[in-house]
Amino acid sequence: ILIRQATIYPQGRMVSISLKGIDVNQQKLKIPTEKLRQSTAAMPVLIGNRMSKSLKLKEGDQILVRWRDKNGSFDAADATIVGVFNTNLPQIDIEQIWMPIQQLREITGLKDNATLFIAGKDFKEQAVSGWNFKSQASLLQNLNDLIQTERITDSIIYLLLLSIALLAIFDTQVLSVFRRQREIGTYISLGMTRSQVVTLFTVEGSMNSVLAVVVGLLYGIPLFIYTNIAGIPMPASDEIGMSVGDKIFPVYGLGLVLGTIALVVISSTIVSFLPSRKIATMDPIDALKGKIQ
């Protein structure tokens with residue numbers, strides 16, 4: 001891609017823009033460069049949807065473009081807008097015009113020059129004299145840092161909600177042991193060991209988490225499938241200050257789902273076991289009489 005500073009004059013106004021030359025046969029960027037290749041206009045150009053809205057330009061309009069060549073001399077020509085493309089990236093849209101790179105090289109006298117290269121996904125990092133390679137990870141570092149911060153916040157909220165649910169299970173188990181003392185005494189009198197009774201009450205408490213998993217799967221699986229197909233609508237990226245698509249599609253990994261289920265079940269089992277330990281210290285006769293220990 002070759003980038004040169006230029007000026008356009010839509011409706012008599014003067015607007016500074018970046019004139020970008022791009023290979024008309026490229027397939028790495030989601031820019032409809034085939035329209036540049038197919039156009040018969042003397043100077044075909046492409047603009048983004050934001051550029052189109054801000055300057056009230058549309059496909060088929062002509063605008064005067066002025067630029068400097070490599071020697072600093074001014075030149076100008078009428079450019080024809082052969083396409084307006086939709087993008088959620090203002091970095092390739094706002095105050096930018098795209099045209100065939102060979103034509104930009106000719107009008108500026110910068111033969112075989114380029115400002116930057118864009119590598120494909122299969123590109124392996126290697127040293128190229130005179131060029132500095134920037135990986136996708138380095139270019140998205142700020143966004144990844146923001147996502148990591150949000151993950152920490154989400155984890156705190158998740159733990160708070162899980163703690164509230166576990167507290168409810170704990171209270172239920174305490175009340176169950178308190179109100180079912182005669183039943184516990186009966187179990188022990190019939191020959192069950194205290195450890196067997198503790199196990200019985202622990203399993204009963206852990207079944208709350210199993211029931212929660214089943215109920216969650218009943219409404220969660222259809223919801224996950226729907227959001228994976230339809231996506232979640234997002235506001236325009238201009239409104240939230242970052243580049244996002246019109247829709248986002250959540251990804252639910254098998255490890256995440258199984259890990260969450262295991263965490264909930266194990267946590268519920270532990271919380272159910274804690275109140276049940278009191279059964280081990282109960283006297284069967286007092287339990288049969290319903291006396292509070």
- Heavy-atom nearest pair, P32 first then L46, reads O-CD1, 3.4 Å
- Query: Is D61 reaching over with its side chain to a backbone N or O of E59, donor-acceptor style, under 3.5 angstrom?
  - Reply: no
- Where Y187 and L200 come nearest, the two heavy atoms and their spacing: CE1-CD2, 3.7 Å
- Task: Report, as yes or no, whether the 6.0 Å neighbourhood of atom CD on Q11 holds more than 12 heavy atoms from other residues, nucleotides or ligands.
- Result: yes
- To the nearest 0.5 angstrom, please state how far the CG atom of L263 sits from the CG atom of L159. 8.0 Å
- Is there a side chain to side chain donor-acceptor pair (under 3.5 Å) between D145 and Q141 once you walk through the steps? CA-CA 6 Å; D145 292 342; Q141 184 63 44; 2.8 Å; yes
- Query: Hey, is the main chain of M51 close enough, under 3.5 Å, to the side chain of D93 for a donor-acceptor pair?
  - Reply: yes
- Query: Within the side chain of S39, is there an N or O that forms a donor-acceptor pair under 3.5 Å with the backbone of K35?
  - Reply: no
- Query: OG1/T7 to CD1/I63 distance, rounded to the nearest 0.5 angstrom?
  - Reply: 11.5 Å
- Chi angles and distances behind the side-chain contact (heavy atoms from CB on, under 4.5 Å) call for S272, I169: CA-CA 7 Å; S272 300; I169 296 175; 3.6 Å; yes
- Item | Contact summary for G120 and K28, nearest pair of heavy atoms | N-CE, 3.3 Å
- Query: Do N113 and K70 come within less than 4.5 Å of each other through their side chains, counting heavy atoms only?
  - Reply: no
- Query: For I266 and I270, what are the C-alpha separation, side-chain angles and deciding distance, and is it a side-chain contact (heavy atoms from CB on, under 4.5 Å)?
  - Reply: CA-CA 6 Å; I266 293 173; I270 294 174; 4.0 Å; yes
- Query: How about Q173 and V271: do any of their side-chain heavy atoms sit closer than 4.5 Å?
  - Reply: no
- Hey, does N49 have a side-chain heavy atom less than 4.5 Å from the side chain of T87? yes
- Distance (rounded to the nearest 0.5 Å) between I3 CD1 and W98 CH2: 7.0 Å
- Item | D154 atom CG, over 12 foreign heavy atoms within 6.0 Å | yes
- side-chain contact (heavy atoms from CB on, under 4.5 Å) assessment of I81 paired with K58: CA-CA 7 Å; I81 300 174; K58 62 182 183 300; over 6 Å; no
- Any donor-acceptor N/O pair, Q26 side chain to D23 backbone, under 3.5 Å: no
- Query: Quick check: does any side chain N or O of W67 sit under 3.5 Å from a backbone N or O of I107, one acting as donor and the other as acceptor?
  - Reply: yes
- Query: Should we count CZ of R13 as having more than 12 external heavy atoms under 6.0 Å?
  - Reply: yes
- Item | Main-chain N/O of Q5 paired with S18 side-chain donor or acceptor, under 3.5 Å | no
- Message: Can a donor-acceptor pair be found, under 3.5 Å and without considering hydrogens, that links the side chain of N71 to the backbone of S73?
- Response: no
- Please report the closest heavy-atom contact between N144 and A137, naming both atoms and the distance. ND2-O, 4.1 Å
- When rounded to the nearest 0.5 angstrom, what distance separates OG1 in T202 from CG in L274? 9.0 Å
- Task: Give a yes or no on whether the backbone of V24 and the side-chain of R37 come within a donor-acceptor separation of less than 3.5 Å.
- Result: yes
- Mark yes or no: R66 above the aromatic ring of F74, with NZ or CZ under 6.0 Å from the six-membered ring centre and no more than 45 degrees from the axis. yes
- Query: To the nearest 0.5 Å, how far apart are OG1 in T108 and CG in D69?
  - Reply: 7.5 Å
- Rounded distance [0.5 Å steps], CD1 in I101 versus CG in L110: 10.0 Å
